[in-house]
Protein chains: 2
Amino acid sequence: MRPAQQLRSRKLIVEFFNEALALLKDVDFDGLSIDTLCERTSSTIGAFYSRFENKEAFVDALQLILVRATRQRIEADYATNAAPTDSLESFIGWIVKGAISWYRRNEGVIRASLRRTNKEADTWIPMRDLVGVQAAHALPYIMRLLPSDAAANGAEERVRFAFQMLFGTMNNMVLINPGPFGIHDPETPRMLASSIAQFIRSTPSDAKRRVPPSRAR
Amino acid sequence: MRPAQQLRSRKLIVEFFNEALALLKDVDFDGLSIDTLCERTSSTIGAFYSRFENKEAFVDALQLILVRATRQRIEADYATNAAPTDSLESFIGWIVKGAISWYRRNEGVIRASLRRTNKEADTWIPMRDLVGVQAAHALPYIMRLLPSDAAANGAEERVRFAFQMLFGTMNNMVLINPGPFGIHDPETPRMLASSIAQFIRSTPSDAKRRVPPSRAR
DNA sequence: GAATAATCAGAATTAGAACTCTTAATCTGA
DNA sequence: TCAGATTAAGAGTTCTAATTCTGATTATTC
């Protein structure tokens, strides 16, 4: 992306991004046509290509903006002690609530990003790192809130897996809306939070005691 | 898809499907080129189009084959009492093991199906129904294996949500392989099973007791 | 072993969307 | 105000991959 020197082009770039975000509610990156984008912004192909190397660069930039903003938001939240520390459940509830609202606000880009074709270049990587950032911040909080017996045995592994399930489930909601619960349903945060809190709390012996080896299917 | 009258074309159709499955390990439906497919099967464009209306119909057929086969497999498994009934954990373990191995076997098509662009036609629907079928079969088993206090309060809802998390997590693994756990990791089934069993067992009062309302993020 | 139907071959066509390129307009600084 | 730099217009080009179409080839039937 070539940086703009003049105000008009700076404005135009913003318009491109905003209109793209709007369009992404209906289509994904493949379906996002540069022609359409230019029409919608009352602009032209030439203007677009004098700013962006190509469509891919534009899309990368769009993703990057979101990732950057989100990362800052996360950092800020933790820096200002916004995270509740009274119990594991309320901490997890806070995490989940924040995550869900992020998914709701950015549904279009997220869906498009998930679908973006990646032959070699793993275009989801910036998004993935976001989950990593979240997990890294949350981990010490969670460990502190966990009773010592639960914390002792592989809690960190369970936490990481819990995060993976959390974001996996939300990605899936945004991607294919499988039902019965959708990203916009009011019960969804509660279900998610209680489920992963439950899992994090569980001790490995719970599982061992209860799961005798079953025959292969 | 026009049904084949002669043996040679029946064979060819099978070859098309098999080769497509092989190709889908590397590319998705967009990247699956008919030209390539025909080369790989030592066949020709003409042969392909004398069988299939167009590429989309071919892809639909491919998906349908998988969905049909899977549905039958599920029905058969339950019909022959393959499901363990000694404990919730072993039943869930069985479900998860079966599901994971299905994902491992069919990773390519699944990934491609997840990514398939759907403007209006929701091409994932047949796959989604599969989850529904699974859940419908499993539900009564689970209810029977649940202690009465857990079963009483919204257990059905929790079961459905657990299934949604299970398949959401696996879809996500296949789609973007987020880590730390992958669909091929040997620990994955255990983690998945213990996590959803835990959640299904939990009573709503667990959650209520433990989650005081936290301030919005 | 023709006659007819089914299938295959594959060059040529089409279509859609990204991108280029040249000319025109607009801005900026002196 | 005007010369040079930046930006915008948008018709035209290019590229890619699906699809069409017509003449062979191969199977089936009587």
Side-chain angles (χ1 to χ4, degrees), chain A residues 1-20 22-24 26-63 112 115-121 123, chain B residues 1-20 22-24 26-63 112 115-121 123:
Chain A
M1 167 177 165
R2 201 162 60 94
Q5 315 269 316
Q6 300 174 9
L7 181 64
R8 57 177 171 162
S9 46
R10 251 184 312 257
K11 269 201 212 150
L12 184 56
I13 290 176
V14 173
E15 265 198 273
F16 277 141
F17 284 135
N18 283 339
E19 193 56 42
L23 285 169
L24 286 177
D26 300 321
V27 298
D28 51 26
F29 288 128
D30 282 352
L32 179 69
S33 129
I34 304 301
D35 278 14
T36 310
L37 185 61
C38 293
E39 267 173 35
R40 295 297 212 83
T41 51
S42 325
S43 170
T44 59
I45 313 270
F48 180 89
Y49 280 97
S50 65
R51 286 301 132 209
F52 300 98
E53 179 79 22
N54 51 37
K55 181 175 168 176
E56 213 190 322
F58 174 69
V59 164
D60 283 346
L62 196 63
Q63 274 188 336
R115 252 192 221 135
R116 178 126 91 113
T117 3
N118 48 348
K119 343 236 149 188
E120 18 253 84
T123 56
Chain B
M1 164 176 167
R2 201 163 59 94
Q5 316 268 314
Q6 299 175 7
L7 181 64
R8 57 176 172 164
S9 46
R10 251 185 312 255
K11 269 199 212 153
L12 184 56
I13 289 175
V14 172
E15 265 197 275
F16 277 141
F17 284 136
N18 283 340
E19 192 57 41
L23 285 170
L24 286 177
D26 300 321
V27 298
D28 52 25
F29 287 130
D30 283 351
L32 180 69
S33 129
I34 304 301
D35 278 12
T36 309
L37 186 61
C38 293
E39 267 173 36
R40 296 296 213 81
T41 52
S42 325
S43 170
T44 58
I45 312 271
F48 180 89
Y49 280 96
S50 64
R51 285 303 130 207
F52 301 97
E53 179 78 22
N54 51 35
K55 182 175 167 176
E56 212 191 321
F58 173 70
V59 164
D60 283 346
L62 195 63
Q63 274 188 334
R115 249 190 225 137
R116 179 127 90 114
T117 2
N118 48 345
K119 344 235 152 192
E120 19 253 82
T123 56

* To do: Could you tell me whether the side chain of A:Thr41 reaches within less than 4.5 Å of the side chain of A:Phe48, counting heavy atoms only?
  => no
* **Results of side-chain contact (heavy atoms from CB on, under 4.5 Å) for A:Arg2 - residues two or more places apart only** => A:Ser50, A:Arg51
* Asked: So, do B:Arg10 and B:Leu7 sit near enough that their side-chain heavy atoms are less than 4.5 Å apart?
  -> yes
* Structure fact -> Letter by letter from the 5' end, nucleotides 7-26 of chain D scores (B base, S sugar-phosphate only, - none; protein heavy atoms under 4.0 Å) SSBB-------SBB-----B
* Just the endpoints, please: which first and last nucleotides of DNA chain C, 5' to 3', lie under 4.0 Å from a heavy atom of chain A? -> C:dA18 to C:dC27
* Asked: Charged N to carboxylate O below 4.0 Å: is that the case for B:Arg116 and B:Asp60?
  -> yes
* For residues 33-43 of chain A, pull every pair meeting salt bridge (Lys or Arg N to Asp or Glu O under 4.0 Å), keeping only residues two or more places apart or in separate chains. => A:Glu19-A:Arg40
* To do: Report the residues that fulfil side-chain contact (heavy atoms from CB on, under 4.5 Å) with A:Ala20, sequence neighbours left out, ordered by chain and then residue number.
  => A:Leu32, A:Leu37, A:Phe58, A:Leu62
* side-chain contact (heavy atoms from CB on, under 4.5 Å) partners for B:Ala47, two or more places apart -> B:Leu12, B:Ser43, B:Thr44
